Amino acid sequence: MAEASSRARHGPSPGGRGASGPARRRRGALPFRQDQPAMTTDTPTRRAAVIGLGSMGSGMAGSLLRAGFSVAACDVNPEAVARFAAAGGRGAANPAEAARDADVVVSVVVNAAQTEAVLFGENGAAAAMPEGAVFVSSATMDPAVARALAARLEATGRHYLDAPMSGGAARAAEGGLTFLASGSAAAFAKARPALDAMAGTLYELGDAAGQGAAFKMINQLLAGVHIAAACEAMAFAAKQGLDLRRVYEVITKSAGNSWMFENRVPHILDADYSPKSAVDIFVKDLGIVQDMARAEKYPVPVAAAALQMFLMASGAGMGRDDDASVARLYAQVSGAKLPGTA
């Protein structure tokens with residue numbers, strides 16, 4: 001295995017922000033802004049496919065369009081495909097249609113099972129991709145599964161880049177995501193123009209699939225624990241009768257702050273639990289951490305406790321709500337009064 005290295009084009013990650021690096025700011029950049037014409041060059045048009053046009057995929061597809069790519073995209077939601085087509089992209093009915101003739105296929109789905117279906121299921125992308133094209137997998141998954149998918153695809157003469165990302169929908173829209181990527185030199189070379197369009201920071205973490213996935217799981221362990229801790233602290237503060245906005249002001253200037261505290265607590269203060277990142281995402285991701293740790297006979301008691309809080313929130317009907325809903329669970333069991341509750 002090659003020694004992990006990083007290439008952060010826009011400077012190192014700021015302290016306390018995990019893998020997220022500084023975003024490359026673009027004035028007014030949003031998905032599918034029709035008043036921002038695509039860049040033009042004298043080189044042949046580069047062709048990309050995006051599978052999945054949710055909050056992340058739509059922003060990534062928009063970044064590719066702005067960078068001058070010809071982009072085909074598909075999604076299970078026909079309205080998302082229609083919006084993309086209206087903004088200058090090409091809608092496709094399925095992954096095979098989107099991937100046909102593409103140099104780069106970017107998969108922006110939720111998990112390993114969906115990634116496998118995108119590649120090898122009915123109307124899958126693998127058989128439709130030209131030989132020598134690269135599949136960029138952005139889903140969070142067990143590193144062993146990433147290695148297996150890569151081996152299966154690479155046996156067909158296509159490349160696989162293990163490239164989970166971090167940064168959220170806003171950074172996806174402005175081309176400022178952080179990618180934690182690993183794969184062959186050929187996979188990186190083929191994917192680099194698309195990564196340049198979508199990334200503010202690209203970490204090159206190894207020469208084989210699985211390393212990017214492993215780095216992402218460390219990030220998700222920390223992220224999940226920090227969210228659960230922030231929610232616990234705010235509900236506890238509410239139980240003490242403290243002014244929660246004052247708590248937020250004090251903690252964000254104190255040693256107890258974290259990026260997740262600073263980012264998620266405003267959702268609690270505004271009683272806004274519309275999903276920026278859903279509870280069930282961390283049920284999945286911390287579940288993967290547990291599976292990986294059990295296989296290595298490695299104890300992860302803090303992550304296990306955080307997983308139980310996300311599981312309880314999901315079981316209480318909040319699985320599709322914002323992950324800051326863990327604070328609502330604490331309030332329910334303790335009688336703490338959070339903003340927006342009676």
Side-chain angles (χ1 to χ4, degrees), residues 16-18 20 54-56 110-111 139-142 166-170 216-252 254-294 299-342:
R17 292 184 182 264
S20 294
S55 60
M56 299 295 290
V110 172
N111 55 32
T140 301
M141 66 180 72
D142 187 310
S166 181
K216 180 62 184 291
M217 294 320 306
I218 301 304
N219 183 75
Q220 294 307 91
L221 185 159
L222 290 165
V225 166
H226 291 169
I227 292 167
C231 292
E232 181 176 294
M234 291 305 291
F236 187 48
K239 189 68 175 176
Q240 304 307 306
L242 301 180
D243 180 332
L244 295 188
R245 292 192 179 274
R246 193 70 167 161
V247 170
Y248 178 73
E249 178 187 351
V250 170
I251 297 303
T252 54
S254 302
N257 190 33
S258 69
W259 190 89
M260 284 299 184
F261 184 95
E262 196 165 337
N263 182 266
R264 297 308 202 265
V265 169
H267 305 175
I268 300 169
L269 299 178
D270 296 337
D272 179 8
Y273 298 99
S274 56
K276 285 76 176 177
S277 174
V279 165
D280 280 345
I281 293 294
F282 280 97
V283 171
K284 171 181 73 74
D285 290 356
L286 292 178
I288 295 172
V289 169
Q290 294 296 305
D291 292 342
M292 292 169 62
R294 183 167 53 250
V300 283
V302 178
L307 172 60
Q308 292 304 310
M309 298 313 300
F310 288 107
L311 277 169
M312 284 188 279
S314 183
M318 306 176 199
R320 296 187 177 184
D321 293 343
D322 191 81
D323 51 33
S325 294
V326 170
R328 291 193 287 167
L329 181 71
Y330 274 107
Q332 287 179 7
V333 300
S334 69
K337 300 299 183 185
L338 293 176
T341 62

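Just so it is clear, the model here is predicted, and its values are computed rather than measured. Throughout, numbering of the chain's residues begins at 1 and tracks the sequence. Values below: all heavy atoms of this structure, side chains included; hydrogens, waters and symmetry mates excluded.
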List the atom of [X], the atom of [Y], and the distance in Å for their closest heavy-atom pair.
X    : Y    : answer
V225 : A303 : CG2-CA, 3.9 Å
P339 : A271 : O-CB, 3.4 Å
A331 : A235 : N-CB, 4.4 Å
V279 : S325 : CG2-CB, 4.1 Å
G224 : L286 : CA-CD1, 4.2 Å
P299 : P301 : C-CD, 3.4 Å

query = For E262 and H226, what are the C-alpha separation, side-chain angles and deciding distance, and is it a side-chain contact (heavy atoms from CB on, under 4.5 Å)?
reply = CA-CA 10 Å; E262 196 165 337; H226 291 169; over 6 Å; no
Calculate, to the nearest 0.5 Å, the distance between atoms [atom1] and [atom2] belonging to [X] and [Y] respectively.
X    : Y    : atom1 : atom2 : answer
I288 : L307 : CD1   : CG    : 11.0 Å
Q332 : M312 : CD    : CE    : 11.0 Å
R328 : D322 : CZ    : CG    : 8.5 Å
L269 : R264 : CG    : CZ    : 14.0 Å
M260 : C231 : CE    : SG    : 10.5 Å
M217 : M292 : CE    : CE    : 6.0 Å

Verdict with reasoning, T252 to N257, per side chain to side chain donor-acceptor pair (under 3.5 Å) = CA-CA 5 Å; T252 54; N257 190 33; 5.6 Å; no
message = Between F310 and I227, does the side-chain contact (heavy atoms from CB on, under 4.5 Å) criterion hold? Intermediate values first, please.
response = CA-CA 10 Å; F310 288 107; I227 292 167; 3.9 Å; yes
key: Full working for side-chain contact (heavy atoms from CB on, under 4.5 Å) between Y248 and F261   = CA-CA 8 Å; Y248 178 73; F261 184 95; 3.8 Å; yes
query = Are any non-hydrogen side-chain atoms of S166 and N219 less than 4.5 angstrom apart?
reply = yes
message = I'd like to check M309 versus L329 (side-chain heavy atoms, cut-off strictly below 4.5 Å). Are they in contact?
response = yes
Donor-acceptor contact present, side-chain [X] to main-chain [Y], <3.5 Å:
X    : Y    : result
D243 : R246 : yes
S254 : G256 : no
K239 : S334 : yes

request  = Before accepting this row, confirm whether a basic side-chain N of the pair R245/D270 lies closer than 4.0 Å to the acidic partner's carboxylate O.
outcome  =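 Salt bridge between R245 and D270, a charged N being under 4.0 Å from a carboxylate O: yes.
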Side chains of [Y] and [X]: any donor to acceptor distance under 3.5 Å?
X    : Y    : answer
D323 : S277 : yes
H267 : D272 : no
T140 : K216 : yes

request  = Apply the test side-chain contact (heavy atoms from CB on, under 4.5 Å) to residues Y273 and I268: give CA-CA distance (whole Å), side-chain angles for both, the deciding distance (0.1 Å), then the verdict.
outcome  = CA-CA 7 Å; Y273 298 99; I268 300 169; 3.8 Å; yes
